[in-house]
Amino acid sequence: MDCVRFAVANLKGGCGKSTLALNLAAGLTARGNTVLLDADPQGTLVHWINFEDIEGMPRVIAIDSDLPETMRQASDANRFIVVDCPPALGSGNTETALKQVDILLIPVLPSPPDLWGSARMVEAVREARQENPRLRAYFVRNQVESRSALSRAMRQALKTCELPVLESALGRRAAYRWASLEGISVYQFGARGKKAVDDIESVIEEVLNND
Ligand SMILES: Nc1ncnc2c1ncn2[C@@H]1O[C@H](COP(=O)(O)OP(=O)(O)O)[C@@H](O)[C@H]1O
Ligand SMILES: [Mg+2]
């Protein structure tokens, strides 16, 4: 089977790129060989590298230069690749990743500045599609509080962007923070990670069944 390549990107720092990338990669690891490429030079994920021997954690590779070549090699040996992108556009790893991946996930927080920042991502997707016409891109709402009017308003606002918004979202949950502090994904977090695992599973199923 062909390798399915994901990128997780947005211009804003702190919107949950690394959180989504790591937990997505952990969820995919249960479905097939998965490698997580940390393409953010200030990479958060590098801190997780020492923990890659933990059962169920994806392999993590820090990218210093040659992302395209690393992706090519990883595509041969893996069922899934997840690229955690830096919070930047402009001749960097984000554009490179967008030209090569099958699926882009754009995490967004329920706040107006985050929404404005993501308009640039819509443009970046349009550009990337000139070289990579099959690129599928979705917004993923992060830190959603289910009863929050803001989260609902946010969902409406995102619908006016030209990219689809996943039905599935990541709730605002302490498990994501605790798991990252302990250097694991929510899948290794036992009962305390259950709701977060449900979030991630639902993202994975929605995206994989949506092509
Ligand atoms: N759904 C969530 N619930 C609770 N905390 C979250 C959630 N998503 C991210 N965080 C926390 O927010 C902070 C920023 O997330 P991170 O994934 O590092 O963002 P980015 O990679 O986009 O800079 C981290 O401390 C992370 O643990
Ligand atoms: Mg990050």
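Counting from 1, the numbers follow the sequence of the chain as shown. What you see is a predicted model; the values in this text were computed from it and never measured. Order of listing sets the numbers, starting from 1, for every ligand and every atom in it.
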Below 3.5 angstrom, do we get any N/O pair linking [X] and ligand 1?
{"X": "Ala174", "answer": "no"}
{"X": "Arg172", "answer": "no"}
{"X": "Leu170", "answer": "no"}
{"X": "Lys17", "answer": "yes"}
{"X": "Leu20", "answer": "no"}
{"X": "Arg177", "answer": "yes"}

*Can a salt bridge be assigned to the pair Glu201 and Lys194 using a cut-off of 4.0 Å between side-chain N and carboxylate O?*
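Looking at Lys194 together with Glu201, the answer is no, because their closest N to O distance does not fall below 4.0 Å.
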_Under a 4.0 Å threshold between the charged nitrogen and the carboxylate oxygen, would Arg126 count as salt-bridged to Glu123?_
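No, no charged N to carboxylate O under 4.0 Å.
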*Is there a chain of hydrophobic side chains (I, L, V, M, F, W, Y, each step under 4.5 Å between heavy atoms) that links Val8 to Val144?*
no
*Counting only heavy atoms, which portion of Asp84 has something under 4.0 Å from ligand 1: side chain, backbone, both, or neither?*
neither
Which atom of [X] lies closest to which atom of [Y], heavy atoms considered:
{"X": "Cys15", "Y": "Asn10", "value": "SG-CB, 3.8 Å"}
{"X": "Asn33", "Y": "Ala77", "value": "ND2-O, 3.6 Å"}
{"X": "Ala74", "Y": "Val35", "value": "CB-CG1, 3.8 Å"}
{"X": "Lys17", "Y": "Pro86", "value": "CE-C, 4.4 Å"}
{"X": "Ile200", "Y": "Asn23", "value": "CG2-O, 3.5 Å"}

Would you mind finding which of [options] brings a heavy atom closest to [atom]?
{"atom": "atom 23 (O) of ligand 1", "options": "Gly14, Ala169, Ala9", "answer": "Gly14"}
{"atom": "atom 15 (O) of ligand 1", "options": "Thr19, Leu22, Val8", "answer": "Thr19"}
{"atom": "atom 1 (N) of ligand 1", "options": "Pro87, Pro86, Ser18, Gly171", "answer": "Gly171"}
{"atom": "atom 8 (N) of ligand 1", "options": "Asp199, Asn10, Asn142", "answer": "Asn142"}

Using a 3.5 Å cut-off and no angle test, enumerate the donor-acceptor pairs between side-chain atoms of residues 96-107 and protein atoms at least two apart in sequence or in another chain.
from   : atom 1 : to    : atom 2 : distance (Å)
Thr96  : OG1    : Gly92 : O      : 3.1
Asp102 : OD1    : Arg5  : NH2    : 3.1
Asp102 : OD2    : Arg5  : N      : 2.7
Asp102 : OD2    : Arg5  : NE     : 3.1

*Counting backbone and side chain alike, does Ser18 bring an N/O/S atom below 2.8 Å of the Mg ion (ligand 2)?*
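Under 2.8 Å: Ser18 contacts the Mg ion (ligand 2) through an N, O or S atom.
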*Relative to the heavy atoms of Gly13, which atoms of ligand 1 are at a distance of less than 4.0 Å?*
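Matching atoms, with element in brackets: 23 (O).
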